[in-house]
Amino acid sequence: MADSDTKRVTDEEALLLHASGRPGKLEITATKPLTTQRDLSLAYSPGVAAPCLRIHEDPSTAYDYTAKGNLVAVVSNGTAVLGLGDLGALAAKPVMEGKAVLFKRFADVDGVDLCVDTRDVDALVNCVRYLGPSFGGINLEDIKAPDCFIIEERLRGMMDIPVFHDDQHGTAIIAAAGLINACDITGRAIGDVKLVVNGAGAAGIACAELFAVMGVKRENIVLCDTKGVVYRGRTEGMNQWKSAFAVETDARTLADAVAGSDVFIGLSAKGAMTPAMVKSMAAKPIIFALANPDPEITPEEVRAVRSDAIIATGRSDYPNQVNNVLGFPYIFRGALDVRATTINETMKVAAAKALAALAREDVPDEVDAAYSGRRLRYGPEYIIPVPFDPRLIVTVPTAVAQAAMESGVARKPIVDLAGYKHNLRMRLDPTADSLELILEKVRAKPRRVVFAEGEEERTIRAALAFRNAGFGTPVLIGREEVVRERLAAIGQPGVGDLEIHNARLSDANRRYTDHLYRRQQRRGALHRDCQRMVNQDRNVFAACMVAQGDAHAMVTGLTRSFPVAFEEVSRVIDPKVGERVFGLNVFVTRHRTVFIADTTVHVRPDAETLADIAVLSAAKARQMGHEPRVALLSFSNFGQNQHSVGNATREAVGVLDSRRVDFEYDGEMSADVALDPALMKRVYPFCRLSGPANVLIMPGLHSANISAKLLSKMAGGQMIGPLLIGLDKPVQIVPMGASVNDIVTLAALAAHDSLPW
Ligand SMILES: NC(=O)C1=CN([C@@H]2O[C@H](COP(=O)(O)OP(=O)(O)OC[C@H]3O[C@@H](n4cnc5c(N)ncnc54)[C@H](OP(=O)(O)O)[C@@H]3O)[C@@H](O)[C@H]2O)C=CC1
Ligand SMILES: CC(=O)C(=O)O
Ligand SMILES: [Mg+2]
């Protein structure tokens with residue numbers, strides 16, 4: 001854990017980062033090609049006149065012909081930069097560039113920082129208003145109170161795009177989400193909490209307002225500032241926004257106010273809260289010390305006096321980061337996508353509730369991994385999602401967009417909500433597009449999939465995720481009491497309706513044993529051997545379920561190496577008649593999907609085997625929505641090296657010629673030629689592939705396996721598989737190190753296999 005004096009990052013490191021390479025954190029990239037004379041004529045003069053005239057006729061078409069709809073101005077005059085105070089417009093630029101970068105990274109919104117050098121409210125309002133046509137939204141940032149209230153209100157009145165002061169509403173939304181969950185964990189009703197907000201500026205007032213909307217009684221909210229408690233009748237340092245929260249109380253200092261209170265929300269400055277004040281709070285106090293970069297009190301200081309506290313800060317180096325980064329990117333994403341005219345209370349409440357609900361769900365392994373393997377589980381140390389949670393991009397914008405539609409401020413309502421969610425996912429995950437078509441088919445016809453290693457934590461979590469994603473009914477093989485124990489341990493004790501089968505106690509046990517015996521009686525197994533296998537071996541039991549039509553597909557692999565798991569499954573399920581069984585990896589990046597085979601079974605395939613693998617891989621690629629272009633790979637091109645090692649690959653091309661297959665193929669060729677169409681056409685113009693190869697048939701298991709693993713570890717993309725191809729029933733064997741996400745993907749692909757082609 002960090003404390004404010006021993007920062008995890010030093011000033012020198014931060015300065016170096018900002019100065020290194022191209023200074024700052026932003027650049028602009030073009031979305032249209034500008035390489036030829038024609039490109040220039042279309043994008044600039046004379047072509048550009050056409051969209052100008054169209055927009056002049058109908059201003060709403062600006063959203064069709066310009067970047068307006070995805071562009072947000074991050075506007076500041078630098079009068080309240082974080083908790084550092086009035087640093088002025090220029091010194092605010094690093095924060096504003098930072099906000100713009102966060103917009104892009106987390107929600108694919110294009111942000112531009114506008115640091116406006118004025119402290120005059122009218123001048124700032126006019127500046128923003130006149131710049132309005134360029135933007136789809138205005139994010140006001142780090143403008144001090146009370147000016148920020150006036151500026152926002154006036155701009156909202158005169159502009160038809162969302163104007164949102166992030167320090168007010170972004171902060172309030174995240175703090176409200178954290179408060180909902182902290183109350184839940186400490187067993188409090190939100191209507192009963194006694195709450196102190198220290199800091200009566202932009203963030204403090206907005207938090208108090210939203211808490212009241214969400215059910216905290218106004219009389220239970222005490223506001224404090226540099227002069228102490230904002231009480232009824234106070235005259236010093238007051239304004240109309242503070243007056244709205246002035247309460248009847250004898251408390252005059254922050255120490256008076258926090259004594260006996262349930263919740264402290266700090267939106268003021270470093271060190272404003274003391275350990276003595278923490279001590280005086282009610283049992284299980286909720287302490288959000290949100291000043292940046294240094295909180296009102298550090299978690300270490302709180303822990304030293306209270307072990308029962310729930311603590312949050314605005315920083316990323318402590319648990320429970322309550323920071324508006326969780327809000328503004330996604331809130332604008334949702335608002336822009338429906339062309340909302342504003343961001344209203346309904347949208348804010350929807351965002352807060354969506355964030356609170358997401359924190360209660362099981363956290364994907366990938367998110368844990370991004371946080372140094374910390375196991376994030378709903379509870380005092382995890383009340384709010386973490387910024388690197390990839391589910392935020394779907395959850396929050398959807399909630400915001402729906403709320404905008406329901407409250408009548410959406411100019412372009414979303415008709416296809418499932419399609420919208422898919423597009424959201426695709427914005428950040430390059431693999432989503434490629435897989436989503438397949439996954440949609442499974443969702444349309446949900447399947448029963450057996451998860452053979454039902455007592456494994458990763459398996460249980462994958463089964464839940466499979467079900468939550470709408471892919472169908474997961475069936476777990478294991479002892480019910482063990483599975484339930486694990487469910488409780490992963491914080492999902494309420495999931496009582498999961499289907500669990502104990503092989504030994506199952507009604508189907510006899511039927512499965514007979515099935516196995518019919519297959520094994522002439523391979524040396526007695527009926528009692530088969531009974532033992534069905535009882536004891538979960539892969540055998542699960543495979544019997546699929547073979548007997550009690551489930552559509554199965555997934556296994558975490559606890560046994562591939563050959564062992566494969567052998568167990570093979571006792572029950574044969575290869576498809578006339579087909580080969582082999583492993584196919586799918587490597588997906590934003591621009592390209594490549595299939596690689598055989599990564600699991602055949603060590604030194606002969607020409608016939610290679611041709612079979614090519615045919616089946618091409619069919620699978622087609623089934624997954626990719627028109628196959630198959631390259632039979634080697635270390636040389638088209639007979640240049642006649643070493644006998646390349647014979648099988650060369651001959652496999654001949655075998656495919658004789659079979660008159662219905663897809664493009666060629667070889668032997670090297671990987672660089674296969675993947676680079678310009679090189680292919682320049683040096684080997686006779687090559688029959690019409691584009692870069694997307695199915696790579698490797699000459700042997702070593703090269704296939706090594707290339708797949710190199711790609712998965714070193715290249716930027718997702719490696720799916722190996723998929724097991726050629727068995728008579730849909731079975732997938734995941735690698736032993738598979739993540740929950742990997743298991744869900746392969747289970748869904750197994751489910752997809754069980755659909756009619
Ligand atoms: N975690 C997060 O996501 C966010 C955190 N913040 C943090 O909240 C703080 C305030 O930001 P913002 O509202 O934009 O700023 P403002 O300038 O609008 O408001 C600051 C408020 O804090 C009060 N204040 C300052 N020092 C103290 C103190 N020692 N004790 C009590 N009150 C004090 C001021 O009192 P007075 O009115 O008497 O001058 C004022 O009311 C900053 O530290 C900022 O980093 C802000 C937004 C988001
Ligand atoms: C996080 C933020 O916006 C602030 O501290 O001002
Ligand atoms: Mg701010």
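Start at 1 and go down the list; that is how both ligands and their atoms are numbered.
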Between Phe164 and Phe328, is the gap from one ring center to the other below 6.0 Å? no
With heavy atoms only and a cut-off of under 4.0 Å, state how Leu82 meets ligand 2: side chain, backbone, both or neither.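 Both of them.
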What do we get for Asn323 next to ligand 2 when only non-hydrogen atoms under 4.0 Å count, side chain, backbone, both or neither?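 Looking at Asn323 and ligand 2, just side chain atoms fall under 4.0 Å.
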As a test of understanding, state which of Phe103, Phe135, Phe106 forms a ring-ring contact (aromatic ring centres under 6.0 Å, His included) with Phe332. Phe103
Does ligand 1 have an atom that lies less than 4.0 angstrom from a heavy atom of Lys242?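 In this structure, Lys242 qualifies as a contact of ligand 1 - some heavy atom is under 4.0 Å.
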For the 3.5 Å polar cut-off, considering only N or O atoms, please tell me whether Cys224 and ligand 1 meet it. no
Ignoring angles and geometry beyond distance, decide whether Ser268 reaches within less than 3.5 Å of ligand 1 through its nitrogen or oxygen atoms. yes
Asp142, N/O/S atom nearest the Mg ion (ligand 3): OD1
For ligand 2, find out whether one of its N or O atoms is nearer than 3.5 Å to an N or O atom of Lys99. yes
Ignoring angles and geometry beyond distance, decide whether Asp167 reaches within less than 3.5 Å of ligand 2 through its nitrogen or oxygen atoms.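 Yes.
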Which heavy atom of the protein is the closest neighbour of atom 29 (N) of ligand 1, given with residue, atom name and distance?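 For this ligand atom, the closest protein heavy atom is Ala272 CB, 4.0 Å.
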Nearest non-hydrogen protein atom, atom 19 (O) of ligand 1: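 Ranked first by proximity to atom 19 (O) of ligand 1 is Gly201 CA, 3.2 Å.
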Any side-chain donor near an acceptor of the partner, Asn198 and Ser268, under 3.5 Å: yes
Hydrogens and angles aside, do Tyr382 and Asn181 bring a side-chain donor and acceptor to less than 3.5 Å of each other? no
Closer than 2.8 Å to the Mg ion (ligand 3): does that hold for any N, O or S atom in Glu141? yes
Which ligand 2 atoms, with their elements, are less than 4.0 angstrom from a heavy-atom of Glu141? 3 (O)
NZ of Lys270 to CG of Asn292: how many Å apart, nearest 0.5 Å?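 If I round to the nearest 0.5 Å, the distance is 13.0 Å.
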